[in-house]
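Have a look at the structure below before the remarks.
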Amino acid sequence: RILLITNGLVLLAGAMLGPIYALFVKEIGGDLLDASLTGGFFALAAGVTTLIAGKVADKEKRDEIIVALGYVIMGVGFFLYIFVNSIWLLFGVQMLIGFAEAFYAPAFDALYSRHITKRKAGREWGAWEAINYFSTAIGAVIGGFIASYFGFNAVFLTMGMLCFLSAIYIFHLRKGTL
């Protein structure tokens, strides 16, 4: 449950920007192609990092440390959106967030897999998938609401704080809890 809740908060944070991302890109002077390119940079950084992060997760004894660190890096990336004023800077931030997501994902998957009951594997992975979708739905609405009433910076602050809260909670768990 701890893993589902903390990861759900991080997924919610990421979903807060999704539907309104192109508006943010336009606000800093970009266009649809720029929005697409930033998505490409994110995915490229995530793809390269995932290959390396999987090996690191296999060697690390405490995957929860990797997960917490990934959440922190992602939170920093979300906070950095506040300072983005050009497409080039946005490329860099997107790459950092792609790195962060790919850095923690293999360790999260390994950690979650270790806690699955074999006879309930489908149900327990289904719970993770449901959290993913519910977080995306809720995050999309909350992000749009916050951006409409308080602006993009409030969205970015909220996104970063959700990541930091998840990281702090996981980091402070007693060894062996996860």
Testing the basics here: between V72 and F164, what is the closest heavy-atom pair and its distance to 0.1 Å?
O-CE1, 3.3 Å
Say you draw a straight line from OH of Y169 to OG1 of T6; how long is it, rounded to the nearest 0.5 Å?
8.5 Å
Spacing of F79 atom CZ and T158 atom OG1 [to the nearest 0.5 Å]
9.0 Å
Given the rule that I, L, V, M, F, W and Y join up when any side-chain heavy atoms are under 4.5 Å apart, are L37 and W88 in one cluster?
yes
Flag if over 12 foreign heavy atoms under 6.0 Å of OH, Y21
yes
Tested for side-chain contact (heavy atoms from CB on, under 4.5 Å) against I146, the lone hit among V141, L157, I20, V155 is V155
Would you please classify the geometry between the F156 ring and the F24 ring as parallel, tilted or perpendicular, with 30° and 60° separating the classes?
perpendicular
Does CZ in R114 sit with more than 12 non-hydrogen atoms of other residues, nucleotides or ligands closer than 6.0 Å?
yes
Give the C-alpha distance, both sets of side-chain angles, the deciding distance and a yes or no for side chain to side chain contact (heavy atoms under 4.5 Å, CB included) between M74 and F78.
CA-CA 6 Å; M74 186 171 284; F78 290 156; 3.6 Å; yes
Calculate, to the nearest 0.5 Å, the distance between atoms CG and CE belonging to L12 and M16 respectively.
6.5 Å
Hey, quick one: are I142 and F145 part of the same hydrophobic cluster, counting side-chain heavy atoms closer than 4.5 Å, chains of contacts allowed?
yes
Considering non-hydrogen atoms only, spot the tightest contact between A102 and A46 and give its length.
CB-O, 3.1 Å
Do V76 and L165 share a hydrophobic cluster (ILVMFWY, side-chain heavy atoms under 4.5 Å, transitive)?
no
Between S86 and I28, which heavy-atom pair has the shortest distance, and what is it?
O-CD1, 3.7 Å
Check for me, please, whether F150 and I82 land in the same ILVMFWY cluster - side-chain distances under 4.5 Å, paths through other members count.
yes
Test item: side-chain donor near acceptor, Y71 and E101, under 3.5 Å
no
Residue pair W128, F108: steps toward the side chain to side chain contact (heavy atoms under 4.5 Å, CB included) verdict
CA-CA 11 Å; W128 182 88; F108 176 89; 3.3 Å; yes
Where is the tightest heavy-atom contact between V84 and L89, given as atom of each residue plus distance?
CA-CD2, 3.6 Å
I would like to know whether I87 and V25 meet side chain to side chain contact (heavy atoms under 4.5 Å, CB included); could you show each step before the answer?
CA-CA 8 Å; I87 291 302; V25 172; 3.9 Å; yes
Within a strict 4.5 Å, meaning less than it, do heavy atoms of the L11 and T136 side chains meet?
no
If you group Ile, Leu, Val, Met, Phe, Trp and Tyr by side-chain heavy-atom gaps below 4.5 Å, do I73 and F83 land in one group?
yes
Starting at CG of L17, measure out to OH of Y81 and round the result to the nearest 0.5 Å.
5.0 Å
Correct closest heavy-atom pair for G8 and S135 would be O-OG, 3.1 Å
Validation row, ring centre F91 to ring centre F41 under 6.0 Å
yes
So do F152 and L23 actually touch side chain to side chain, heavy atoms under 4.5 Å?
yes
Atom CG in L4, atom CD1 in I131: separation rounded to 0.5 Å?
5.5 Å
Counting only heavy atoms not in L32 (residues, nucleotides, ligands), do more than 12 fall under 6.0 Å from its CG?
no
Contact check, side chains of V10 and L162, non-hydrogen atoms, under 4.5 Å
no
To the nearest 0.5 Å, what is the distance between CE on M159 and CG on L9?
13.0 Å
Where do W125 and S113 come nearest, in terms of heavy atoms and distance?
CZ2-OG, 3.4 Å
Y104 and N7: side chain donor to acceptor below 3.5 Å
yes
